[in-house]
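Beneath this line is the structure, given in structure tokens, with notes to follow.
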Protein chains: 2
Amino acid sequence: MSALDGLEVRRTTTAQQLADGLSERIMAGAFGPGDRLRESAIAAELGVARNTIREAVRILELTGLVRYEVNRGAVVIAPTAEKIEALYTARERLETAALVRTPRPEQLAAITEAFDALCDAATNDPSAIVDRDLAFHQAIVALLDSTRLDEFFASLTQELRFYLTVLAKDETADEVIAEHRAILDAVRLGDRDRAVAEIHAHVEVSVERLKAVLKN
Amino acid sequence: MSALDGLEVRRTTTAQQLADGLSERIMAGAFGPGDRLRESAIAAELGVARNTIREAVRILELTGLVRYEVNRGAVVIAPTAEKIEALYTARERLETAALVRTPRPEQLAAITEAFDALCDAATNDPSAIVDRDLAFHQAIVALLDSTRLDEFFASLTQELRFYLTVLAKDETADEVIAEHRAILDAVRLGDRDRAVAEIHAHVEVSVERLKAVLKN
DNA sequence: TACAGTTGAACTGTACTACAGTTGGTCGGC
DNA sequence: GCCGACCAACTGTAGTACAGTTCAACTGTA
């Protein structure tokens, strides 16, 4: 702790801030899936130059929330059955790989804590359920002890979180809790096969639920 | 096969082409690790506007070859012991996860083929050894049946390939072949534990070799 | 000689303008 | 109702300008 803690001159660029802001707005639903991000409009509204917006959007592209189409500019990603399946498949492989490892005590504690937070949200703050849900799985992936995989999983998570919010999945909290408790229990008991099976089931159910919502 | 096959008007932007070109040049050693990509210089040399170069470099950032530093612009990534370890750890986790799965016949064939290509390169085209080496591992990761993980692994591979070329690792081809044959044999025999152990050893050795080179 | 402070050139970040080419819709003709 | 021409909006790219930052060379001082 230095005497200069907290004193930090802005160590970021306008484009970066714009990217963060746009990301928030998109996640909040200001732009729907498939929407185009019109440069001039955004630039005018936010009072910055168009090329700055372009940079911001390129930065956004890093996080996977938008992609570029030639002569159409930036487009917000849109969920499809294939994309959702691919997403969950990757998740399932990573979590499966994580669950066959023996957790260190603090890792087990982190997972347990994540689960408790999820339970808490279920009763006290339903809007946070999705976040806590994803955080629980992030804690599982952390068992792999790989920062690169943690980051990758986080990017999958970000994408998924977007899909979940736009699809307004309204799963009953009870189900969610039950599924996650089953995973947690298996992990705590050291029953790897069951943990893996539970994750598999959890993914399967989730994908089906989402695909059902997709079809409206 | 349509009569119009191959007829495709340029479905790409200048910035994209520049990104590809720059990527090639960097991989070829035109820019070393830690080098800054000076926008005006590149723009002048290639006869394009500076903002176009900026866009190209932002696209490059997607592939992980460069990263941006505030007020210093784009900088070519540089290997450090930590980064190399993180890279190989992620690789090891992914390949381990892949090797506990039961390969389908065509997957096994693909891995075998990759190995044969590696052997061929060892005698006929030493410059291709690194590529074939990485392709072999990509074939292993393909066992996971996840396009998202395939893509992620490919990005790790790209990064690693760069480090390998700049570090000019001159491993003897014999060693490489031997290590990979050990992995292949274990896979073919369905001996998962041994396959995983071989991958682990392979990664361990590789990291140590690279770290040794890093220290000059 | 070593070191701190100053200075200036080079470069990035951002804004603004301009224009050719593309896209997507609208409108009139059939 | 379908087709093609036309038009408005927008992207991709070029070019210019300038404030703020970085970095290395230079200068003065102990």
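A note on names: the letters A, B, ... follow the listed sequences, proteins ahead of strands, and every chain is numbered from 1.
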| task | Provide, to the nearest angstrom, the distance between the CG atom belonging to Asn51(A) and the C1' atom belonging to dA17(D). | result | 12 Å

| request: Measure from CD1 on Ile59(A) to P on dT12(C) and round the result to the nearest Å. | output: 16 Å

| request: Give the ring-plane orientation class for His202(A) versus His137(A), where under 30° counts as parallel, over 60° as perpendicular and anything between as tilted. | output: parallel

| query | About how many Å separate CZ of Arg101(B) and CG of Leu144(B), when rounded to the nearest 0.5 Å? | reply | 6.0 Å

| request: Whole angstrom is fine here: how far is it from CD1 in Ile42(A) over to P in dT14(C)? | output: 16 Å

| Nearest to the side chain of Arg36(A), which nucleotide is it out of dT12(C), dA14(D), dT11(D)? | dT11(D)

| Could you give the CD-to-C1' distance, from Glu39(A) to dA18(C), as a whole number of Å? | 15 Å

| message | Closest approach to the side chain of Ala49(B), judged atom by atom: which nucleotide of dA14(D), dT14(C), dT12(C) is it? | response | dA14(D)

| task | Describe the nucleic acid contact of Glu69(A) in one word from base, sugar-phosphate, nothing, applying a heavy-atom distance below 4.0 Å. | result | sugar-phosphate

| Given atom CG of Leu37(A) and atom C1' of dA9(D), what is their separation to the nearest angstrom? | 16 Å

| task | Starting at atom CZ of Arg38(B), determine the distance to atom P of dT12(C), rounded to an integer number of angstrom. | result | 7 Å

| Looking at the side chain of Arg72(A), which of dC11(C), dG24(C), dT13(D) is the nearest nucleotide? | dG24(C)

| task | Please report, rounded to the nearest Å, how far the C1' atom of dT14(C) is from the CZ atom of Arg58(B). | result | 12 Å

| query | Do any side-chain nitrogens or oxygens of Thr14(A) fall under 4.0 Å of OP1 or OP2 in dT14(C)? | reply | yes

| query | Looking at dA15(C), dT11(D), dT12(C), which one has an atom nearest to any side-chain atom of Ser40(B)? | reply | dT12(C)

| query | Reckon Ile53(A) touches a base, only the sugar-phosphate, or nothing at all at heavy-atom distances under 4.0 Å? | reply | nothing

| task | Indicate the ring-plane relationship of Phe152(B) and Phe152(A), choosing parallel, tilted or perpendicular according to the 30° and 60° boundaries. | result | parallel

| remark: Taking a pair to mean Watson-Crick or G-U wobble geometry with both distances below 3.5 Å, dA30(D) pairs with dT1(C)

| said: Checking contacts here: which listed nucleotide (dT11(D), dT22(D), dA14(D)) is nearest the side-chain heavy atoms of Asn71(B)? | reply: dT22(D)

| Does NZ or CZ of Arg36(B) lie under 6.0 Å from the centre of the six-membered ring of Phe31(B), at an angle within 45° of the ring axis? | no

| said: What verdict does the side-chain contact (heavy atoms from CB on, under 4.5 Å) test give for Val100(B) and Val100(A), after you've listed the backbone C-alpha separation in whole Å, the side-chain angles of each residue and the deciding distance to 0.1 Å? | reply: CA-CA 10 Å; Val100(B) 295; Val100(A) 296; over 6 Å; no

| field | Complementary nucleotide for dA9(D) - Watson-Crick or wobble, under 3.5 Å | value | dT22(C)

| task | Could you check Arg50(A) against Ala15(A) and say which one's nearest nucleotide on DNA chain C is further toward the 5' end? | result | Ala15(A)

